[in-house]
Amino acid sequence: MINHIVVVGSGVMGRGIAYVGAVGGYAITIVDVNEKALQNAKSEIESIFDKGLARGKISAEMADQAKRNLYYESNLAHAAKNADLIIEAVPEIISIKKQVFETIEANAPSQCYFATNTSTMSPTEIASFANRPEKTIAMHFFNPVHKMPLVEIVRGLETNDDTVETIRKVAEKMGKETVVINEFPGFVTSRISALVGNEAFYMLQEGLGSPEEIDKAIKLGLNYPMGPFELGDLVGLDTRLNNLKYLHEKLGDKYRPAPLLEQYVKAGRLGRKSGKGVYDYTKEELVPK
Ligand SMILES: NC(=O)c1ccc[n+]([C@@H]2O[C@H](COP(=O)([O-])OP(=O)(O)OC[C@H]3O[C@@H](n4cnc5c(N)ncnc54)[C@H](O)[C@@H]3O)[C@@H](O)[C@H]2O)c1
């Protein structure tokens with residue numbers, strides 16, 4: 001029985017997972033090593049509640065209840081001690097994930113399930129950093145979590161059926177549809193979206209058109225809800241680059257990150273979260289509608 005969920009990482013994804021978890025009726029502890037990130041997550045979550053209330057998507061009673069379900073913490077070892085499920089949402093860098101899984105293995109109860117929100121990586125490899133591969137799985141949410149309907153559930157080599165069913169029920173209680181697939185780098189969704197996003201950067205680098213023209217062509221010509229640059233800025237260009245580096249290593253040249261994307265990340269242009277990516281979010285009139 002899952003009552004208490006610990007979400008590790010309070011960035012773009014962790015805060016969204018915490019929100020849908022609290023609305024789904026779970027007690028949620030959000031953990032981050034960075035105090036400022038925790039504060040930002042708190043105000044971002046408040047703003048999702050405010051917009052949900054204003055648009056009639058959530059009742060005042062539900063919002064009050066969900067807010068009472070949310071706790072913020074900087075000590076992962078402490079938070080893990082009474083968790084039923086831990087969902088990891090730290091950066092897509094294997095050494096950071098390893099450190100998190102070693103800490104939770106040492107502190108979480110033996111019956112606790114472990115999930116990773118990795119976009120591309122192997123849940124089997126991530127499970128190897130702890131000692132309960134049958135209870136470890138990838139639970140891949142999408143951005144923005146409170147709006148996107150899917151959770152892609154990815155079995156590792158030793159993940160058992162009880163874990164798959166438990167995670168599927170948790171995702172459904174969070175209001176999500178699910179697909180259950182077997183592991184492969186990039187799963188279904190990131191394998192496609194990384195390729196499209198990277199190709200758009202190659203086009204920009206080649207001078208094919210402006211970001212606005214390329215985004216418009218993809219949206220109106222191919223019926224995508226967002227252009228690849230709008231999506232990249234939402235995802236975070238650093239996260240997109242980390243995904244591509246991993247896929248390049250595992251799947252070869254077709255995922256080689258575009259040099260222009262690497263340059264944007266070096267310049268600190270990470271997308272919406274840093275105020276500037278392909279587009280400039282500090283000047284509201286320049287933000288594509
Ligand atoms: N951004 C997206 O659109 C998206 C979509 C689906 C999946 N993902 C995946 O979700 C994961 C998180 O991505 P994100 O975009 O939220 O990243 P992010 O950079 O926005 O947030 C990561 C957070 O983790 C924190 N952190 C770092 N080390 C930590 C540690 N040891 N313990 C606790 N917290 C720690 C950081 O301080 C930061 O607040 C990645 O694996 C990414 O691939 C991202």
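Indexing begins at 1, ligand by ligand and atom by atom, following the structure's order.
- V12 N, 3.0 Å is the protein heavy atom nearest to atom 20 (O) of ligand 1.
- Taking every non-hydrogen atom of G9 and a distance limit under 4.0 Å, the qualifying atoms of ligand 1 come out as 24 (O), 34 (N).
- Atom 28 (N) of ligand 1 has as its closest protein heavy atom I96 CG2, 3.6 Å.
- Using a 4.0 Å cut-off to heavy atoms of K97, the atoms of ligand 1 that qualify are 40 (C), 41 (O).
- Heavy atoms of R15 stay at 4.0 angstrom or farther from ligand 1.
- Selection from D238, I87, V33 by nearest heavy atom to atom 32 (N) of ligand 1 gives V33.
- The proximity of N242 to ligand 1, defined as any non-hydrogen pair under 4.0 Å, does not occur for either the backbone or the side chain.
- Across I126, N117, D32, heavy-atom proximity to atom 10 (O) of ligand 1 is greatest for N117.
- Atom 1 (N) of ligand 1 has its closest protein heavy atom at V235 O, 2.8 Å.
- Each of E88, E102, E125 was checked for a side-chain hydrogen bond (donor to acceptor under 3.5 Å, both in side chains) with K97, and the lone residue meeting it is E88.
- Using a 4.5 Å heavy-atom cutoff, the side chains of I28 and I30 are in contact.
- The two residues A115 and F101 come nearest to each other via the heavy atoms O-CZ, 4.1 Å.
- Ligand 1 is approached by A89 to a heavy-atom distance shorter than 4.0 Å.
- Taking the six-membered ring for Trp and the full ring otherwise, H140 and F142 have centroids separated by under 6.0 Å.
- Side-chain contact check for T163 and N160: at least one donor-acceptor pair (N or O, by modelled atom type) lies under 3.5 Å.
- Set against the non-hydrogen atoms of N34, the atoms of ligand 1 under 4.0 Å away are 37 (O).
- A cation-pi arrangement is not found for K135 relative to F114, the charged atom failing to lie both closer than 6.0 Å to the ring centre and inside a 45° cone about the ring normal.
- Between the side chain of T159 and the backbone N or O of T136 there is at least one donor-acceptor pair closer than 3.5 Å.
- The single protein non-hydrogen atom nearest to atom 40 (C) of ligand 1 is V90 O, 3.3 Å, given as residue, atom name and distance.
- How far OG1 of T178 is from NZ of K169: 11.5 Å, rounded to the nearest 0.5 Å.
- Checking P91, S119, S190 against atom 24 (O) of ligand 1, the nearest heavy atom belongs to P91.
- With hydrogens left out, the protein atom closest to atom 16 (O) of ligand 1 is M13 N, 2.9 Å, a heavy atom.
- Nearest non-hydrogen protein atom to atom 31 (N) of ligand 1 is V100 CG2, 3.8 Å.
- Taking a 4.0 Å cut-off on heavy atoms, L76 fails to register as neighbouring ligand 1.
- Ligand-side atoms of ligand 1 in range of A37: 39 (O), range being under 4.0 angstrom from any heavy atom.
- No donor-acceptor distance shorter than 3.5 angstrom exists from the side chain of E158 to the backbone of E134, with no hydrogens or angles considered.
- A heavy-atom separation below 4.0 Å is found between K273 and ligand 1.
- Here the side chains of T282 and K276 are not in contact, with every heavy-atom distance at 4.5 Å or above.
- Using a 4.0 Å cut-off between charged side-chain N and carboxylate O, R155 and E183 make no salt bridge.
- Residues Y281 and D233 bring a donor and an acceptor atom of their side chains to less than 3.5 Å of each other.
- Protein heavy atom in closest approach to atom 41 (O) of ligand 1: E92 OE1, 2.5 Å.
- The atoms of ligand 1 that sit less than 4.0 Å from any heavy atom of G11 are 16 (O), 20 (O), 21 (O), 23 (C), 39 (O).
- Distances shorter than 4.0 angstrom occur between a heavy atom of H140 and an atom of ligand 1.
- A cation-pi arrangement is absent between K176 and F141 under the rule of less than 6.0 angstrom and at most 45 degrees off the ring axis.
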| request: Test side chain to side chain donor-acceptor pair (under 3.5 Å) on T118 and E92 and set out the steps. | output: CA-CA 6 Å; T118 177; E92 193 81 338; 2.8 Å; yes
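- Applying the side-chain hydrogen bond (donor to acceptor under 3.5 Å, both in side chains) rule to pairs touching residues 254-266 yields D253-R256, sequence neighbours excluded.
- When non-hydrogen atoms are compared, ligand 1 lies under 4.0 Å from the backbone of F141 (N, CA, C, O) but not from its side chain.
- The protein atom (non-hydrogen) at minimum distance from atom 17 (O) of ligand 1 is T239 OG1, 4.3 Å.
- Proximity to V8 (heavy-atom distance under 4.0 Å) selects the following atoms of ligand 1: 32 (N), 33 (C).
- Residue-ligand proximity, N243 to ligand 1, at heavy-atom distances under 4.0 Å covers atoms 43 (O).
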